[in-house]
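Below is one structure, written out as structure tokens; the observations come after it.
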Amino acid sequence: MNSELPPEFIVKVDYDRCRRCRRCVMNCSFGCMTFKDRVVPEHRRCVACQRCVTYCPEYAITVSKNELAYKENENWSPEIRKNILKQAETGGMLLTGMGNPREYPILWDHLLIDACQVTNPSIDPLREPMELRTFLGRKPERLEFSMDEAGEIDLVTEIEPQVRLDVPVVFGAMSYGAVSLNVHRSLAMAASRSGTLMNTGEGGLHRELYPYSGNIIVQVASGRFGVHSEYLNTSAMVEIKIGQGAKPGIGGHLPGEKVGEDISKTRMIPVGTDALSPAPHHDIYSIEDLSQLIFAIKEATDYEKPVSVKISAVHNVAAIASGIVRAGADVVTIDGFRGGTGATPMVIRDNVGIPIELALAAVDERLREEGIRNNASILCAGGIRSSGDVAKAIALGADAAVIGTAALVALGCRICQKCYTGNCAWGIATQKPELVRRLNPQIGADRLTNLLAAWSLELKEILGSLGVNSIESLRGSRERLRGVGLDSQTLELLGVKPAGVGQ
Amino acid sequence: MRRNCYIPSGCSISGMMSESGKRLDGNAIIRSIALMHDRGNGLGGGFAAYGIYPWHSDQYAFHMMFDDMDAKERCEEHFKDRFEIVFDEEMPTRPGGVFEEETSGRHGDFGGQPIIDPPILWRYFMDVPEERMRFVSEREYVVEEVMEINSKVDGAFVASSGKNMGAFKGVGYPEDLGVFYKLGEYKAYIWTAHGRFPTNTPGWWGGAHPFCLLDWSIVHNGEISSYGINKRYLEPFGYRLELRTDTEVVAYLFDLLVRRHKMPIELAAKALASPFWKDIDRMPERERRIATAIRQVYGGALLNGPFSIILGHSRGMVGFNDRIKLRPMTCAKKDDMLYMASEESGIREIAPDLDLVWSPRAGTPVVGVLEEGVE
């Protein structure tokens, strides 16, 4: 359909430099570039994925915003006007991808980390051991020991299964279907090399990745795609997905054209059928139902794997998380409103949920108040962009952080937010073989491993400057954070003092 | 009295114990801590002594500090239904007391700061009424009461609350405080001492070391960089951390792990200053299992940052350092005596001829245990 909307971006080709190699034409998966004697861009189709810009050997292409002048109006931003025009043309919900891009406050950027001076020495991570090892899973409140006649002490308490992380960052849930198999391959290899976990998302696990079971969280979502006994047991941990930060309370829809042979087998649905994930699990209408599913999964996995429950950060998140822990979950994953997705209605992504910083602070505090913090680990997801964010999340109370978008960016994603089209030029959010091929899983795994290695170094540097040599001394230590430019209520909710106040 | 500010501090510490239970007067420990005069700045010092009240050994000895007589009355009103006071008296003191001897660490012209302006110091020997122990154990009850008084009774502070032991502390140099409190007249089988160098504002009397709860006493040189999480870890267990100093977490952590969780004291020290994973991974299976479980379960109790600590309790004394030994501690043995101090000279000053002197490895506790049968 022809739209009246002007193009969002302008693609400019420097014809003096262009040598008509047509590489841009081959690379553009959105059909923006055509060749008629010379390269002709169709501006309207450009999504600013920067594929052509990156691969042009002469750097002859630039993409810029189509800076149309709109009559100034704070209330009616160009964005809003364009959205109305689109809906007037189509009568449909606006679809989009990735996380909430709007100008809500990013609280990470209002938190600052402490450092040592004089009275407690900082520690040089290049000289001294610096420990990031983290265990996910339910811990008892206390340990019991026995002593035999010879005075030998032994441990009596049996600890429930724990999953070891060498770096407190795990990859977020992204389903095979939403992303390509090469993304899954890259994530699995990188998780295995870095001593952390990848998460299958709700689309099952391709058999080729079964050897990586020690580094995989397998997800059980409302569609139950690809869930079978062997799947549950081919994992380090099982996660029940209740909600997702980018679309709290919303289900999912993988269009039939993406369901080819491999996805069909992995998801256990016929080729070409739409994969619809209901909004709720239709066997979970209450917390007691959730508890039943948690224990059904524990039975199926012989109580050998921690079970996580993932929820999106909504208003009542603390009470919900407390219920989840009491229902038997060993890990709670909280996904903030900046969390990404392959496809979501824009109105949900941009207007529903709460910031992860506040949700995390509320959940950690609530579990401590109730004396059940040791009963479950907390994974913090949705909008983690750097090792600085990871350190702040851990100081607020997370056991580890979860990265989805950041991992995809490491693989080449430019956050153009067109994941739902299936045309991802970087071979990430697509099932088209010619596009999937663009992501080499070996190189992808290298890049992800590099990212985690870099963040580990940075985290160790942060710990050293804080004068501690183990991540558990930062975990929940909000005393080492200060807020800038935050109102007193936000500070109180975060449990953080304003900058300028000493201990 | 209570200042609303947090005080990190550098310090000197010293401890001595007779493992056979011989009771010695306080003059030696005063000399030891006086030698390390320059490690403090006169803004706080104190002593803990075990075995000093044999004639009241069944009662909880509360060493109290009051801002004024009103606070004392408020506190006694508070005690009324909660304890049976067997005996109480003003603490014997020598106002304006000054240590006048010379040691190689302190010369007459330097230091020597008369102890003035003390709060009202009073001690109470008290039993817990039978009916108060219907729902909680006696020790639990006393802990709750100490927390209650320190946080709720305005102007009153519990300096120590154990049986047959006591804390003697205040603002000043420790050796002068020792004279002020007439420690030469007490006899104890364990003495610990602390000289303080708070790094910002003047200390207050209650904020000096040792920190005591029940018969636990802590003297601590260093700063707990993990204070934030240690505090949050302790709070759900009912501990109220309101003394504005990081040292109290150490006392409460020992109380939680050893008294309430019944952990052997060596293991508790291992939880507070855990071995590194690289070392745990090389341990024999049983030890590795124990060390791993401790780190998994008690991560919130791990103390991080520079410290050397001497923990006193009625059956012994434990000294330990942080995981990479960022603060000094030397230990020594002579016959049945065990010594620990920030500096070897602090030991040599009072026991020049030693059987054994060593610097304990980082994170490795040195445990002195009172011989069996010694009361």
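Basis for what follows: all heavy atoms, side chains included, without hydrogens, waters or symmetry-related copies. Protein chains get the first letters and strands the later ones, always in sequence-line order, with residue 1 at the start of each.
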Testing the 3.5 Å rule here: is there a donor-acceptor pair between the side chains of A:Ser470 and B:Arg295?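 Yes, B:Arg295 and A:Ser470 have a side-chain donor paired with an acceptor closer than 3.5 Å.
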Answer yes or no: is there a side-chain heavy-atom contact under 4.5 Å between A:Arg142 and B:Tyr298? yes
Side-chain touch A:Asn469/B:Asn304, heavy atoms, less than 4.5 angstrom: yes
At a 4.5 Å cut-off on heavy atoms, which part of B:Phe237 comes close to chain A: side chain, backbone, both, or neither? side chain
For B:Arg232, is it the side chain, the backbone, both, or neither that has a heavy atom closer than 4.5 Å to a heavy atom of chain A? both
Structural part of A:Arg133 lying under 4.5 Å from a heavy atom of chain B: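 Interface part for A:Arg133: both.
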Chain B contact via A:Ile471 - which portion, at a heavy-atom distance below 4.5 Å: neither
Using a cut-off of under 4.5 Å on heavy-atom pairs, state which of [options] scores highest against chain B.
options	result
A:Asp114, A:Leu466, A:Asn120, A:Leu155	A:Asn120
A:Glu365, A:Arg480, A:Glu472, A:Glu128	A:Glu472
A:Arg368, A:Gln162, A:Glu479, A:Glu144	A:Arg368
A:Thr157, A:Asp364, A:Leu474	A:Asp364
A:Pro129, A:Gly371, A:Cys116	A:Pro129

Output the distance between atom CE (B:Met263) and atom CG (A:Leu143), rounded to the nearest 0.5 Å. 6.0 Å
Pick from [options]: which one has the most heavy-atom pairs with chain A under 4.5 Å?
options	value
B:Lys262, B:Arg289, B:Arg323	B:Arg323
B:Leu302, B:Asp322, B:Leu256	B:Leu302
B:Ser274, B:Pro264, B:Ala271	B:Pro264

Write down the atom of A:Ile159, the atom of B:Ala293, and the distance for their closest heavy-atom approach. CD1-CB, 3.4 Å
